[in-house]
Amino acid sequence: MEADLKADLKSLAEEQPLYALKEIVMRHEGQKGAAIPILQDIQGVFGYISPEMLQRAGEFSGIPVNDLYSIVTFYAQFRLEPIGKNLIQICHGTACHLAGAEKITESLQFETKAPAGKTSEDGLFTLEKVACLGCCSLAPVMTINEETFGHLSPDGVRKVIRETRKISSAEKSREEVTS
Amino acid sequence: MTEQPKYRLKVGLATCGIAGGAAKVYRALEEKLEGSSIPLERTGCIGMCYNEPLVEVIEADGQSYLYGNLEPEDSTRIVEQHIGEGKPVTELLVLGRGSETDDPSYFSRQKRILLKNSGHIDPEEIDSYIAADGYEGLKRALTSMTPEEVIAEIESSGLRGRGGAGFPTHLKWSLTRKAEGEQKYIVCNADEGDPGAFMDRSILEGDTHSVLEGMLIAGFAIGASVGYVYIRAEYPLAIRRLQIAIRQAEERGLLGENILGSGFKFEVFIREGAGAFVCGEETALLMSIEGKRGMPRFRPPFPAEKGLFGCPTSINNVETFANVPRILHQGAAAYSSLGTAESKGTKVFALAGKIKRGGLIEIPMGTTINEIVFDIGGGISTGKPFKAVQTGGPSGGCIPADLGDTPVDYESLKKIGAIMGSGGLLVMDEETCMVDVARYFLTFTREESCGKCTFCRTGTNQMLKILEGITEGEGREEDVDTLIEMAEKIKAGSLCGLGQTAPNPVLTTIKYFRDEYDAHVREKYCPAKKCKALIDYTIIEDACTGCTVCARQCPVDAISGAKKEPHLIDQDACIRCGLCTNSCKFDAITVTSMPKGEDELCHR
């Protein structure tokens, strides 16, 4: 989905989620084998796919909910739970494995208090192990919200997390004040 | 006529360049050059990933200077000193006149045909591709050849599938051409799932149109009017460049109806993969495009007869398609003059791991492993002895250093138990534990097995359990033989390539590094000092200054000691995470693994 459209749908989703969902599904009307692109777009806009979204997507598209469910549970891309404020993807490709990705992951777990594959209790961090980010010359590598960090050390990532935590906490308290 | 600019600047903006900081350098240069007439261009992967971010300065006479390992601040010096005063900044140069590095051999030992455009043209500008003879191959095919002649040309070039298995491309095409059906499809497999492989991504990001042109020629050859690119969703930049390339090709009449006035029509759609490794297998890939779970189908019928939506389909890999325009433009003879008797042309590899100069390389088939590792790659990055290379990712095998004279071609690699694979080439040094490598790949394939075939589903699980046992010091004497037996059964009892090749990393490491397995099993000893259960972290009393940094780093408070006194690690509390070694500035913490039988040396 193009970036502009995604942004429009995202703001629509905040006001009228059901309408946004319908809009997403209808964009694929008549497309052959549309189930996966529909689900990808839903996740792109909402960040994850809830059971209710799955139900509604089935109703709007006419694709049996069973089929949709079989897809979201098969493909690693789909998330059935909302993610934390910061999504951290730790590369576990071969080059990163050789360069010590396991240690990086442990260090991140200690620092974020999020178990691998889960979100921390404070909702600030979601840790995800991924197969390969394809930046092997920078191994070990991780991304935080799509920004890539390379040549990591267990010590270095703790600093990055502390920085990120500071920024996120400040944002969070600002949000609380304004709301 | 406009005057030729005195200098042109190019910044390598592929994913790994951007990850290395190239976008920041680009913005800094943009700022510096504001108001001047010096063109600042973006290009794909220049190939020297180990020196990212890279900036090339080309003088009016064509003389090129390549700057590497840049920080945004360096842009000031490049602009002021090189552009302003005409004096290259030699200490930042990695290639070009005045450069003081030994990097030239990185490129001079390669043969860059497929990568000739990557890092030179602007992938987001169709004119840039056309100026580099782009779409000439398509022109030749559409205006002067029949589809059969195109297939014959591919046959005489000797092109074989670059996805890894090496199936002759012309056979796939002619079978699909001969198959009956109104609608036929071309599918480009860009689901590059092997960890440690980024060749296809780099080609798609750096020379996008070459893949489209290859698909167009293939479509003409087999009689298809629709093509799909099935690409990993994890490659957002490649996807965006593909979208741009498709739009530009449509605007120029190179996609759509009546292409180049020949009456041939063709359109291309992009489908994003959803993160399933098995979808690199062709029938699983087709299921995924059809909107289902990506589980392999029985073959026959082969996709050439009954493929996408039940229609005849030819599925080829990105690199295979990228070869096609070159063959059509320069002729099959020029192409097949490179390579060995059975493996023609060149192969692109993603060279990574414990290597000094890692990056995107292209070599003629028949180049030896040693030539790649030492002449191109510059040897081992850690200075430790070279131990092995791994090709083909989770489907491939480990090749020991003493077989370094093996030429890289389909047959030679197969003979020693490895495979060509799609192009990942991981270099390992002495510090790499081969049992751990086998365990690593099995963890991956176990996770990615789609679950359809029992042997693959439960077999990989069982093998992984055994391997985990071995790395945890619980190995039993019969384990290695059990692994071999199970490996053979999984190979025989699996429907698709995933299961048929999943045991390869285990089999080759057993074949070439049996002594390491035996050390783990019999002596509970990890020679590479990698397996957590078999190692200890200890503080060298004489080297420890008592600075307390390690004690503060330790997440489980296993390190104790008074300030300015040597510290001690409580071995029972230690979880062997290694954070302490990383933090120690005095090299006072060592990792040891002792063969059983030398218990008196053991610290535990």
Side-chain angles (χ1 to χ4, degrees), chain A residues 1-3 31-40 43-44 63 67-68 70-78 89 91-103 106-107 109-111 129-139 141 143 146-151 153-156 158, chain B residues 15-16 18-20 49-50 52 192-198 201-202 233-236 243 271-277 279 288-295 309 350-354 358-359 390 393-394 424 426 428 431-432 436-437 440-441 444 447-448 450 553 555 575 577-579 582-583:
Chain A
M1 202 190 320
E2 297 77 28
Q31 187 184 358
K32 271 185 174 177
I36 296 173
I38 288 174
L39 292 167
Q40 285 172 327
Q43 179 161 301
I63 302 170
D67 289 1
L68 295 177
S70 83
I71 291 167
V72 294
T73 50
F74 182 83
Y75 292 100
Q77 185 189 18
F78 296 112
Q89 296 189 308
C91 181
H92 278 256
T94 321
C96 289
H97 177 77
L98 293 184
E102 206 55 57
K103 284 185 182 176
E106 277 179 5
S107 183
Q109 285 173 339
F110 287 130
E111 198 58 43
K129 285 184 176 187
V130 294
C132 186
L133 294 167
C135 317
C136 306
S137 299
L138 303 171
V141 178
T143 60
E146 293 180 11
E147 190 183 348
T148 310
F149 296 82
H151 298 303
S153 67
D155 201 23
R158 300 179 102 176
Chain B
T15 296
C16 43
I18 294 171
C49 305
Y50 64 101
E52 293 284 5
E192 188 173 46
D194 281 8
F198 52 89
R201 189 205 73 211
S202 302
E234 291 92 331
Y235 287 175
Q243 287 165 340
R271 274 304 167 86
E272 291 178 32
F277 175 68
C279 289
S288 184
I289 297 183
E290 290 171 6
K292 303 173 191 147
R293 284 168 87 106
M295 289 168 119
F309 304 115
L351 183 61
K354 306 276 180 83
Q390 209 277 347
L426 262 295
M428 298 166 182
E431 283 183 343
T432 313
D436 176 65
V437 167
Y440 165 77
F441 281 118
F444 182 83
E447 201 73 18
E448 295 295 340
C450 78
Q553 282 287 333
I575 54 166
C577 67
L579 287 178
N582 189 261
S583 67

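Proteins get letters first, then strands, A, B, ... in listed order; numbering begins at 1 in each.
Contact of B:C279 with chain A is made through the side chain alone, with heavy-atom distances under 4.5 Å. If you measure heavy-atom distances from B:I18 to chain A, you find no contacts under 4.5 Å at all. Neither the backbone nor the side chain of B:S202 comes within contact range of chain A; no heavy atom of the residue lies under 4.5 Å from a heavy atom of that chain. For B:R201, the part sitting under 4.5 Å from any heavy atom of chain A is the side chain, from C-beta outward, and nothing else. Interface remark: B:F441 contributes side-chain atoms only to the contact with chain A (heavy atom separation under 4.5 Å). For chain A, the nearby part of B:Y50 is the backbone; its heavy atoms alone come within less than 4.5 Å. Residue contact with chain A, scored on non-hydrogen atoms closer than 4.5 Å, involves the backbone of B:I289 exclusively. For chain A, the nearby part of B:F309 is the side chain; its heavy atoms alone come within less than 4.5 Å.
The shortest non-hydrogen separation linking B:R293 to A:S70 is NH1-O, 2.9 Å. Between B:Y440 and A:H92, the closest heavy-atom pair is OH-O, 2.6 Å. Nearest heavy atom pair, residue A:Y75 against residue B:K292, reads OH-O, 2.7 Å. Minimum interatomic distance between B:A19 and A:L138 (heavy atoms only, all atoms of both residues): CB-CD1, 3.5 Å.
Within the model, atoms CG of B:D194 and SG of A:C132 stand 9.0 Å from one another, a figure rounded to the nearest 0.5 Å.
Annotation: maximal heavy-atom pairing with chain A below 4.5 Å, among B:S288, B:A352, B:C16, B:A197, occurs at B:S288. With chain A as the partner, the residue from B:G196, B:A274, B:A276, B:P195 showing the most heavy-atom pairs under 4.5 Å is B:A274. Your options are B:G294, B:G275, B:G20, and the one with the most heavy-atom pairs under 4.5 Å with chain A is B:G294. For the options B:C577, B:G358, B:G353, B:G424, heavy-atom pairs under 4.5 Å to chain A are most numerous at B:C577.
A donor-acceptor pair under 3.5 Å links the side-chain atoms of A:R158 to the main chain of B:Q553, judged by distance alone. Looking at A:Q77, its side chain never comes within 3.5 Å of a backbone N or O of B:A233 through a donor-acceptor pair. Although no hydrogens or angles enter the test, the distance criterion places no donor-acceptor pair under 3.5 Å between the side chain of B:Q390 and the main chain of A:T94.
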